[in-house]
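Lettering of chains follows the sequences in order, A, B, ..., and the numbering in each one begins at 1.
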Amino acid sequence: MNLVKPEFGLIFWMSVTFLIVFFLMKKFAWGPILKMIHEREDSIESALNAAEKAKEEILQLQNNNEKLLAEARLEKDKMLKEAREIKETIINDAKAAAQKESQRIIAEAQNSIANEKMAAINELKSQVALMSVEIAEKILRKDLSKDESQKALVDTLIKDIKLN
Amino acid sequence: MTLFLNLFLIVFLGMSQKVVFAHEEESHQAQIEEKFNAGKLILEHVGDAHDWHIAGHFSIPLPIIIYSQAGLDVFLSSKFEHGHAAYHSEKTNLTYKLIDNKVIAVNDDGSANEELTASLYDISITKNVAAIFVTVILLCWAFISIAKKYTNNPGKAPKGLQSFVEPIILFIRDDVAKASIGEKHYKRFMPYLLTIFFFILINNLFGLIPIIPGGANLTGSISVTLTLACFTLILTTISANRHYWHHIFAMPGVPSWVLIILTPIEILGFFLRPFVLMVRLFANITAGHIIALSFFCLIFIFGEMHPGAGFGFSLFSTAFTVFMMFLELLVAFIQAYVFTLLSAVYLGAAVEEPHHHEEAHAH
């Protein structure tokens, strides 16, 4: 039957044409097409990977930011605390200095008061002595004008000496 | 777009086939008042020819190339006047005649010289060969332009024809080549698999178009499927590794007395696989064509009984042929896929590495 009988001519042309087409297509069609598809797939994959990486980086960045923020907050607290301490020490120091100064002033004042007092007492003493000499002179002048009174005085004086 | 193509195919198949048949019947009746011979007509349409029929009495004559010991003869098939005349070549001093679409050498008195005919190499550009050229040029043009698009827009999304072809290429790569051959070796065979797939597909589809440039039953020609199967066989043979040959000639883990039975079977299987490839494609495509043509022939068989019956049956027959066309369209894709898939499976077996030694022992 002719239908299932292979024809030499057709096989010949088919082989020749197919081989030529195969090599032509391999070089000019399939090669570039497969290469480009592969490259595109690679680029898509790398793009996806890059996106994933970027996402991770952003996440990391966010974490970093939070960490930085926390650190900054801590730092602020620390600084505030230090400032408070410094303030307190300054106030305490100032208080202490003021106290010392006031004590010194008070002591000085007391000193000068004491000195003034001594001087006043001494002055008073000398004044009193002078006044008592004057009084004694006046008394003596009046009493010793009479003989008996002189004699009485001498007696008391002698009595005093004996007692000593 | 495919829908339009379908409609186009169907409309043209319906129309032109009717025209062709009507014409054929006319001429048959005009020549000799013989009865309508459906079998002969179908086989003529399914088989090869030395001219490419267009419409009516008009057909394109194709070159006839005959190589014999006397030399090379090249002339147009129109010299035969559709088999009515003999052609005498001055150069080789041979006389040729066309009988049943076959070129034969004849003696001076006009009788066939069988001895001489057997020594001829007929490498004529027949209808099928011309159809190969047409489809192949189309194939190269289409895919090289697609390749250019790829190289001109690297990394861009496919467009136009490119986006139609790319899923098919990816399908063949991922589901045929990678799945059957394996990640390691598949790249080597991709160009071959893609070429046979698209070659078979385009010729299956062109075979469905009844008018030029279609009309040739190329993938339903045993010579073509034989050649394709031979290429798969050759490629399998040259890329086969030791493991493969070892499996054929001495299946590992099988006692030697079993090998006496097994080895011939394996060797037979080696040739049987491409043989099956050849027959499957040939039979599927030819059968589809024969069925579609048979339905049309029925119109004329009924018409011979009564014109009214012929007309009545033509409605039924057209409806059935439309259905057949859809089926054939499906078959066109399926057979191209099956041929490629089985080729890939055979190639995969040829390059398979003995990684599962226990498993190899098991079977």
Not counting sequence neighbours, which residues clear side chain to side chain donor-acceptor pair (under 3.5 Å) with Thr219(B)? List them please.
Asn204(B)

Suppose a student defines contact as a heavy atom less than 4.5 Å from any heavy atom of chain A. Which residues in residues 177-186 of chain B would they list?
none

Pick one of side chain, backbone, both or neither for Thr225(B), based on which atoms fall under 4.5 Å of a heavy atom in chain A.
neither

Which atom pairs, one a donor and one an acceptor, fall under 3.5 Å between side chains of residues 98-120 of chain A and the rest of the protein, sequence neighbours left out?
residue	atom	partner	partner atom	Å
Glu101(A)	OE2	Arg104(A)	NH2	2.6
Ser102(A)	OG	Ala98(A)	O	3.3
Ser102(A)	OG	Gln99(A)	O	2.6
Arg104(A)	NH1	Glu108(A)	OE2	3.0
Ser112(A)	OG	Ala109(A)	O	3.0

Non-hydrogen atoms of chain B under 4.5 Å away: do they reach the side chain of Glu7(A), the backbone, both or neither?
both

One should read off an interatomic distance between Trp13(A) CH2 and Phe133(B) CZ, to the nearest 0.5 angstrom, of 5.0 Å

Side chain, backbone, both or neither of Asn128(B) within contact of chain A (heavy atoms, under 4.5 Å)
both

Which region of Phe18(A), side chain (C-beta onward) or backbone (N, CA, C, O), has a non-hydrogen atom less than 4.5 Å from a non-hydrogen atom of chain B, or is it both or neither?
side chain

Which portion of Ile11(A) sits near chain B, non-hydrogen atoms under 4.5 angstrom:
both

When the 4.5 angstrom heavy-atom criterion is applied to Phe28(A) and chain B, the contacting part is both

Please list every donor-acceptor pair under 3.5 Å in which a side-chain atom of residues 58-74 of chain A meets a protein atom from a residue at least two apart or in another chain.
none

Quick check: closest heavy atoms across Lys26(A) and Pro191(B), and the distance to 0.1 Å?
CG-CB, 3.7 Å

At a 4.5 Å cut-off on heavy atoms, which part of Thr17(A) comes close to chain B: side chain, backbone, both, or neither?
side chain

Can you see which heavy atom on Phe8(A) is nearest to which on Asp122(B), and at what distance?
CD2-O, 4.2 Å

Quick one: of Leu194(B), Thr151(B), Val129(B), Leu170(B), who has the most non-hydrogen atom pairs under 4.5 Å with chain A?
Leu194(B)

